[in-house]
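Everything below concerns the one structure shown next.
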Amino acid sequence: MEAARWAVAVAADGSARYCPLTREGTAAEAPRSAADPAAALRAAPPGTRWVWRSTAEVAGALAAGVDVARCYDVEAAEAVLLGHEGAFGEPRGLPAALARLRGLPVPPDPPAPAAGDAQPSLFEDSARPVLPGGTDPLTALLEVYGAQLRRTAATEHPGRLTLLLAAESAGALVAAEMDAAGLPWRADVHLALLDELLGPAPPGGLEPRRLTELAGEVSAAFGFRVRPDLPAQVLAAFRGAGFPVRSTRSWELRQVDHPAVAPLLEYKRLYRVHTAHGRNWLRSWVHEGRFRARYVPGGAASGRWTTNGGGALQIPRVVRRAVRADPGWRLVVADAAQLEPRVLAAVSGDPALAEVAAQEGDLYAALSLRLFSGDRERAKLAVLGAVYGQTSGEGLRHLAGLRGRYPVAVRYVDEAAEAGERGRLVRTHLGRTCPPAEAGDDGLGGEVPEGGEPPSRRGAAARARGRFTRNFVVQGSAAEWALLMLAALRRSLAGTPAELVFFQHDEVIVHCPAEQAAQVAAAVRAAGEAAGRLAFGASPVRFPFTVAVVECYADAKA
DNA sequence: CAATTCGGGGGG
DNA sequence: CCCACCCCCCGAATTG
């Protein structure tokens, strides 16, 4: 059952040494040499789990199309293990890990690439930190890996943590492959969209015509010149007109009855497209028909991914029109349905909530029939209130109803919140650990509200911490499910033309020939259920997807 | 002058 | 309408 493991390490000159491993992580045979990592990766039997320092180190081989079934990313694992051990902030790099084992001074990690930087060159010797004492890279790798196996085995739930490390590694692999593939992006469609929304491109980077027109309408409505992109001016203008708004946020302006509001809201909408996804963005990020994001697996504390530049996880709906499948191909856009409440049902073990989540249908709708007389929105707000730690408003009453009917689930997040407030460690289902509160988060700094001594600044900070840890256990466990889902999907698409091209927390896009789309949709659904079984064992909770097979991303959502 | 903060938008 | 959680990114204003 357990896949054979091999290790590979890359030397400073770009050559590789590799060997099969024993169960304990030591070399089972004398290491061999290869001219480059790709040659080494081709030497092991199919299905091998490759142990390597970091997936970035072999990104070139992966981009060249070498088939790797599984991996174990030692530096990704080190970060998770350090967190589990309460050693947040320690460098995760192999040199640092080795130095810690040997009791030597710990070198810092190399700085992360800045957003605008090009992809770091693969064999940039100067960028690779030197191992302590000139240790051979494979020796160092095996020493750290063996120690990681023992550290994992010594934890309270070694099986779960092993699964998390495997999931992190799979995520690194998927991220590297998606970075290389890119999201199909039609620059011509994008430019036409910009023309349509903003007017034809003015020469020399001037303000688009439509924005100038709307700014003129705003000024005309006030009777004097107001620049819509300067909140202070807009605020003053509305106050002068007798509308005591607190900010110029869209939701607040929408309640104001004044002729400037409509053009102003339209200005904001288009200004956003212009600055964040306009021609500059297109020039910077789309090349040869693909938008290449640089995913950062585990970039958020909860384990969710972030991206390094390009804003790949914030593509506005209107811009999704430019995301098109190649001719004859389709985009399979799959969205995990009501993921967070399903995860809450699974991790908390609440039998009543699990019974609801054991259905594939809309969970909020089902919940609303049991508790909120069919009002789906109220049911959804109640669940979100529980998961986010709502403190005020109408939702609190709904939350009380939820607590009465699903006490185990609500107690689960309440306990996570209480642990956070008391400064205790909080972990996800598989064992990702919540980073500690920042020093200075204790409420001693910052301004004191007027009107004497506040009720409790420290208490406010503790409650904020509680909301964070409350959400962490759900969002973090959901991120783990998503990683396992990605890993399963990747394996089932291997060897087919289909390519994973996008991942956003609970949503994946697969680009594939039209005739493969139905099979891909089935593979996504199967991956979701497999991830649920792996992560949560015997739980009856289902993890269905909403799947759309489309030529254009914008057509995926109703 | 560059770096940081603020206000506002986007995604889940 | 917001709220409560996790993020990214922009331009302007402010600060060092």
Side-chain angles (χ1 to χ4, degrees), chain A residues 114-116 207 211 227-235 245-256 261 264-278 280-281 284-285 293-296 298-320 335-340 343-344 377 380-399 413 416-417 420 426 428 432 434-435 446 460 463-479 482 502-508 553 557:
Chain A
E207 181 179 63
L211 289 180
R227 279 184 54 183
D229 58 330
L230 299 185
Q233 272 190 26
V234 175
L235 210 53
V245 287
R246 286 165 47 255
S247 75
T248 69
R249 301 191 104 95
S250 297
W251 67 265
E252 193 162 359
L253 294 184
R254 255 188 276 278
Q255 345 229 344
V256 174
V261 169
L264 188 53
L265 293 177
E266 181 68 356
Y267 180 95
K268 284 171 178 287
R269 184 182 142 250
L270 297 180
Y271 180 75
R272 161 80 188 171
V273 173
H274 170 59
T275 57
H277 289 273
N280 287 338
W281 180 89
S284 308
W285 292 102
R294 280 143 59 195
Y295 290 97
V296 183
S302 60
R304 297 220 298 199
W305 294 14
T306 59
T307 58
N308 196 346
L313 304 186
Q314 301 100 231
I315 303 169
R317 294 184 183 275
V318 62
V319 177
R320 296 180 184 184
D335 206 298
Q338 308 96 37
L339 179 58
E340 294 202 349
V343 166
L344 175 59
E377 273 313 293
K380 181 172 176 177
L381 286 178
V383 171
L384 293 181
V387 171
Y388 291 157
Q390 185 158 12
T391 56
S392 65
E394 206 184 356
L396 274 191
R397 272 193 297 111
H398 306 144
L399 183 55
V413 286
V426 172
T428 60
R432 189 186 306 276
C434 188
R463 283 192 296 278
R465 177 73 186 162
R467 287 193 299 274
F468 176 60
T469 53
R470 168 191 298 268
N471 184 255
F472 177 86
V473 294
V474 178
Q475 187 183 115
S477 299
F502 189 66
F503 169 60
Q504 183 176 226
H505 312 313
D506 60 357
E507 178 183 357
V508 289
Y553 186 20
K557 302 240 167 155

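Bear in mind the structure is a predicted one, so any value in this text is a computation, not a measurement. A, B, ... follow the sequence lines: proteins, then strands. Residue 1 opens every chain.
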For [X], which contact category applies under a 4.0 Å heavy-atom criterion: base, sugar-phosphate, or nothing?
| X | value |
| --- | --- |
| A:R320 | sugar-phosphate |
| A:L339 | nothing |
| A:R317 | sugar-phosphate |
| A:A301 | sugar-phosphate |
| A:S302 | nothing |
| A:G310 | sugar-phosphate |

Calculate the interatomic distance between [X] atom [atom1] and [N] atom [atom2]; express it in whole Å.
| X | N | atom1 | atom2 | value |
| --- | --- | --- | --- | --- |
| A:W285 | C:dC8 | CH2 | P | 13 Å |
| A:L270 | C:dC10 | CG | C1' | 16 Å |
| A:R294 | C:dC7 | CZ | C1' | 18 Å |
| A:I315 | C:dC9 | CD1 | C1' | 14 Å |
| A:L230 | C:dT14 | CG | P | 11 Å |
| A:H277 | C:dC10 | NE2 | C1' | 10 Å |
| A:Y271 | C:dC9 | OH | P | 17 Å |
| A:R304 | C:dC8 | CZ | P | 11 Å |

Practice task
List the steps and the verdict of side-chain contact (heavy atoms from CB on, under 4.5 Å) for A:Q338 and A:V383.
Solution key: CA-CA 10 Å; A:Q338 308 96 37; A:V383 171; over 6 Å; no
Exercise for the section: For A:R317, check salt bridge (Lys or Arg N to Asp or Glu O under 4.0 Å) against everything at least two apart and list the hits. Expected result: none
Practice task
Taking the side chain as every heavy atom from C-beta outward, state whether A:L264 and A:V261 have any atom pair closer than 4.5 Å.
Solution key: no
Problem - Contact check, side chains of A:L265 and A:R269, non-hydrogen atoms, under 4.5 Å - result: no
Would you check if the side chain of [X] reaches a backbone N or O of [Y] as a donor-acceptor pair within less than 3.5 Å?
| X | Y | value |
| --- | --- | --- |
| A:W305 | A:G299 | no |
| A:E252 | A:R246 | yes |
| A:T306 | A:A300 | no |

Handout entry: Difference in axis direction between the ends of the helix from B:dC1-C:dG16 to B:dG12-C:dC5, five pairs, 10°
Key = 10°
Fill in the blank from the handout: Students should find that the nucleotides of DNA chain B closing off the region near chain A, any atom under 4.0 angstrom from a heavy atom, are B:dG7 to B:dG12
Exercise for the section: Could you go through the side-chain contact (heavy atoms from CB on, under 4.5 Å) check for A:R463 and A:T391 one step at a time? Expected result: CA-CA 10 Å; A:R463 283 192 296 278; A:T391 56; over 6 Å; no
Practice task
Answer yes or no: does a side-chain N or O of A:R227 lie under 4.0 Å from OP1 or OP2 of C:dA12?
Solution key: yes
Handout entry: Residue list, ring pair (Phe, Tyr, Trp, His ring centres under 6.0 Å) with A:F472, at least two apart or on another chain
Key = none
Problem - Residues in ring pair (Phe, Tyr, Trp, His ring centres under 6.0 Å) contact with A:F468, at least two apart in sequence or another chain - result: none
Completion exercise
CG (A:L339) and CD (A:Q475) are apart, to the nearest 0.5 Å, by 10.0 Å
Handout entry: Distance, nearest 0.5 Å, that separates OH of A:Y271 from CD of A:E207
Key = 8.5 Å
Practice task
Give the nucleotide from the list C:dA4, C:dC8, C:dC7 with an atom nearest to the side chain of A:Q314.
Solution key: C:dC8
Handout entry: Criterion side-chain contact (heavy atoms from CB on, under 4.5 Å) on A:I315 and A:Q504, from CA distance to verdict
Key = CA-CA 10 Å; A:I315 303 169; A:Q504 183 176 226; over 6 Å; no
Exercise for the section: Go through residues 467-476 of chain A and report each residue with a non-hydrogen atom lying under 4.0 Å from DNA chain C, sorted by number. Expected result: A:R467, A:F468, A:N471, A:Q475
Handout entry: Under-3.5 Å donor-acceptor pair between A:Q390 side chain and C:dC3 base
Key = yes
Fill in the blank from the handout: Contacts of A:A312 and A:A464 projected onto DNA chain C by closest heavy atom; the upstream (5') one is A:A464
